[in-house]
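Everything below concerns the one structure shown next.
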Amino acid sequence: MGVIVGPRVIDAGFSLMSVLLAPVAVAAGYPSPAQDYFDGRIDLNEHLIKDVTSTFVVRVTGQSMEAAGISDGDELIVNRALEPKDGSVVVAVLDGELTIKRLRITAQGVVLQADNPTFPDIKVAALSELTIWGVATTCLHHV
């Protein structure tokens with residue numbers, strides 16, 4: 001069984017992300033004397049992916065989710081097994097078009113909300129076809 005990541009299938013037993021782990025926390029404010037060695041490796045899959053068979057990575061294009069901390073070029077870790085709830089950031093397919101928005105369930109209906117005031121919210125019409133493809137769990141933001 002594999003995990004679909006972009007256009008390629010990765011064996012589920014293969015670690016996608018194994019990096020060195022620093023033995024101490026690093027201050028973001030005033031620098032502190034830190035040890036200059038690393039404490040082995042950490043598998044980011046263990047920390048970022050809860051269900052490898054239902055998780056995929058999607059690259060973001062556009063600025064409609066910037067206030068949520070999701071920028072153009074970031075990657076989202078998306079879990080298809082999670083139940084979407086009001087307020088979840090989701091990958092949605094609306095009338096055949098993919099979009100990343102915040103799901104809002106209101107008394108007036110479903111809204112796909114942009115987290116950028118320059119982009120309009122999308123009110124899902126009664127006759128529209130909407131599929132929530134997955135729930136975003138983590139944003140890999142580039143600095």
Distance-only donor-acceptor pairs under 3.5 Å for side chains of residues 110-121, two or more places apart:
residue: Q113; atom: OE1; partner: R104; partner atom: NE; Å: 3.0
residue: D115; atom: OD2; partner: R102; partner atom: NE; Å: 3.0
residue: D115; atom: OD2; partner: R102; partner atom: NH2; Å: 2.7
residue: N116; atom: OD1; partner: T118; partner atom: N; Å: 3.1
residue: N116; atom: OD1; partner: T118; partner atom: OG1; Å: 2.9
residue: N116; atom: ND2; partner: Q63; partner atom: O; Å: 2.9
residue: D121; atom: OD1; partner: A114; partner atom: N; Å: 3.2

Please report, to 0.1 Å, the donor-acceptor pairs under 3.5 Å made by any side chain of residues 73-82, with sequence neighbours excluded.
residue: D74; atom: OD1; partner: H141; partner atom: ND1; Å: 3.2
residue: D74; atom: OD1; partner: H142; partner atom: N; Å: 3.3
residue: D74; atom: OD2; partner: S71; partner atom: N; Å: 2.8
residue: D74; atom: OD2; partner: H141; partner atom: ND1; Å: 2.7
residue: E75; atom: OE1; partner: H142; partner atom: NE2; Å: 2.8
residue: E75; atom: OE2; partner: R59; partner atom: NE; Å: 2.8
residue: E75; atom: OE2; partner: R59; partner atom: NH2; Å: 2.6
residue: N79; atom: OD1; partner: A81; partner atom: N; Å: 2.7
residue: R80; atom: NE; partner: W133; partner atom: O; Å: 2.9

Kindly indicate, with the supporting measurements, whether the criterion side-chain contact (heavy atoms from CB on, under 4.5 Å) is fulfilled by T55 and T137. CA-CA 10 Å; T55 302; T137 59; 5.8 Å; no
Would you mind writing out the side-chain donor-acceptor pairs for residues 86-96 within the sub-3.5 Å range, not counting sequence neighbours?
residue: D86; atom: OD1; partner: I105; partner atom: N; Å: 2.8
residue: S88; atom: OG; partner: K85; partner atom: N; Å: 3.1
residue: S88; atom: OG; partner: K85; partner atom: O; Å: 3.1
residue: D95; atom: OD1; partner: E129; partner atom: N; Å: 2.7
residue: D95; atom: OD2; partner: S128; partner atom: OG; Å: 3.4

So CD1 of I132 and NZ of K101: to nearest 0.5 Å the spacing works out to 12.0 Å
If you take all heavy atoms of D72 and G62, which pair is closest and at what distance? OD1-N, 2.7 Å
Quick one: CG on L130 to CG on L103, what's the gap to the nearest 0.5 Å? 7.5 Å
Using the rule that two of Ile, Leu, Val, Met, Phe, Trp, Tyr join whenever any of their side-chain heavy atoms come within less than 4.5 Å, decide whether L98 and M65 are in one cluster. yes
